[in-house]
Amino acid sequence: MNRDKTILIINPGSTSTKIGIFSAGEMKINVSVRHDDAELRKFPTIWDQYDYRKDALLGFLRDHHLAMDDIDAIACRGGNVKPLPGGIYRVCPRMIADMKSGIYGGHPINVGGLVAFDLGNQYGIPVLTADPPMTDELCASARYSGIPQLTRTSSFHALNQKATARRIAAELGKRYDEVNLIVAHLGGGISVGAHQKGKIVDVNNALDGDGPFSPERAGTLPAGDLVKLCFSGEYTKTEVLKLLTGGGGLYAYLGTTNVIEIEKRITAGDGKAAEVFEAMIYQVAKEIGACAAVLEGKVDAIALTGSLVYSQRLLESLKRKIAFIAPVHLNPGENEMEALADAAMRYFSQEEELSVYAA
């Protein structure tokens, strides 16, 4: 593998930009550059943040005595693009146009993609992305909702899920396309995917759709009651959407998304906190069981990843419920920076061909 390559990794978030330098086969720098909230509020749209985000990136390079001429490739987190199979993609004008259109949603990762694209053009280096959130490999049956007007869509933590699946397959001494896995990303949002021979054939919509409730998202809701709530006159459309994403889950019941705080409350005897936390674990276990059914019981391993995997209380309860299905492997943390670096190295080593972002 080309371990001498130096990769600049860019992963913008709402209030920060994670920036990394991967070189000589390891992550040399991995920092989160915080952005002042008051400063961000000055920009009417995310695209107005372009110069601000670019200056922050170039400032990081200066602070670490690096120049763009030192970089062999840029790997950036995938933006809001059209549904597409997982893989490594070269960021291209068509992809940038789709992000700018807003058709598939708006997020600072789109701005990061444009910054990376422009720098790549300026310095003549490849700009790559891998397994964006809209990665879509669903089987035909998974798309049906029960109402023709509504189609189930794929929007989840594809980057970390795919990277985790490759890692677990390697631990099993096999290739990703040789195994059946269930991967549960447990973080602020929760997604549980059925990985069948290298494809995620079913996964809950973790953005604002179905699945377990999470620290901040409501997950699957009683459909009839949700309709009644929407037409009750007590909530605006914006308020309902906020209940689903950002204001649901643990936050709705307990007023916080901080699992460490919740565990302290449980230890101190807070019965309500214990019940709600266990209910979230219960729903995750149900979703894992559903994926086992999708894979017809042929499951080589279950992988748990994301920030919640650091919770021993969660792990002990969840393992009791799912260990009968398959061996449980742990890959705690988000691991997005490492996943992007690994994708870039697979590109350089020609281990994986580039996928084409078609019009």
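Counting begins at 1 with the first residue of the sequence. Side chains included, hydrogens not; waters and symmetry mates left out as well; all remaining heavy atoms used.
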Candidate pair His157 and Ser191, rule side-chain hydrogen bond (donor to acceptor under 3.5 Å, both in side chains), full reasoning:
CA-CA 7 Å; His157 310 89; Ser191 61; 2.9 Å; yes
For Asn11, the option from Lys18, Glu334, Glu336 that meets side-chain hydrogen bond (donor to acceptor under 3.5 Å, both in side chains)
Glu336
Residues two or more places apart in sequence or in another chain: which of them pass ring-ring contact (aromatic ring centres under 6.0 Å, His included) with Phe117?
none
The test is side-chain hydrogen bond (donor to acceptor under 3.5 Å, both in side chains); show your working for Gln161 and Thr305 and say whether it passes.
CA-CA 8 Å; Gln161 282 227 15; Thr305 185; over 6 Å; no
With sequence neighbours excluded, what pairs up with Glu338 under the side-chain hydrogen bond (donor to acceptor under 3.5 Å, both in side chains) test?
none
Go through the steps for Arg53 and Thr17 under the test side-chain hydrogen bond (donor to acceptor under 3.5 Å, both in side chains), then give the verdict.
CA-CA 8 Å; Arg53 298 269 183 170; Thr17 300; 3.0 Å; yes
Does any donor atom in the side chain of Asn80 or His107 lie under 3.5 Å from an acceptor atom in the other side chain?
no
Between Tyr176 (side chain) and His195 (backbone), is there a donor-acceptor pair under 3.5 Å?
no
Could you work out, with side chain to side chain contact (heavy atoms under 4.5 Å, CB included) as the rule, every residue matching Asp210, not counting sequence neighbours?
Arg152, Asn204, Asn205, Thr220
Salt bridge check, Asp177 against Arg175: does any charged N sit closer than 4.0 Å to a carboxylate O?
yes
Does Asp55 reach the main-chain N or O of Tyr52 with its side chain, forming a donor-acceptor pair under 3.5 Å?
no
Within the distance-only criterion (no hydrogens, no angle test), does the side chain of Asp131 pair as donor or acceptor with the backbone N or O of Gly87 below 3.5 angstrom?
yes
Derivation of the side-chain hydrogen bond (donor to acceptor under 3.5 Å, both in side chains) call for Ser101 and Asp98:
CA-CA 5 Å; Ser101 73; Asp98 282 348; 4.9 Å; no
Quick one: salt bridge (charged side-chain N to carboxylate O under 4.0 Å, His left out) partners of Asp136, sequence neighbours excluded?
Arg143
Taking all heavy atoms of Thr257 and all of Pro215, pick out the closest pair and write down the distance.
CG2-O, 3.3 Å
Between the main-chain N or O of Leu254 and the side-chain N or O of Arg265, is there a donor-acceptor pair closer than 3.5 Å?
yes
Just to verify, which of Lys298, Glu296, Lys197 counts as forming a side-chain hydrogen bond (donor to acceptor under 3.5 Å, both in side chains) with Asn180?
Lys197
Which atom pairs, one a donor and one an acceptor, fall under 3.5 Å between side chains of residues 241-253 and the rest of the protein, sequence neighbours left out?
{"unit_1": "Thr245", "atom_1": "OG1", "unit_2": "Leu207", "atom_2": "O", "d": "3.0"}

If the condition is salt bridge (charged side-chain N to carboxylate O under 4.0 Å, His left out), which residues does Lys321 pass it with, not counting sequence neighbours?
Glu278
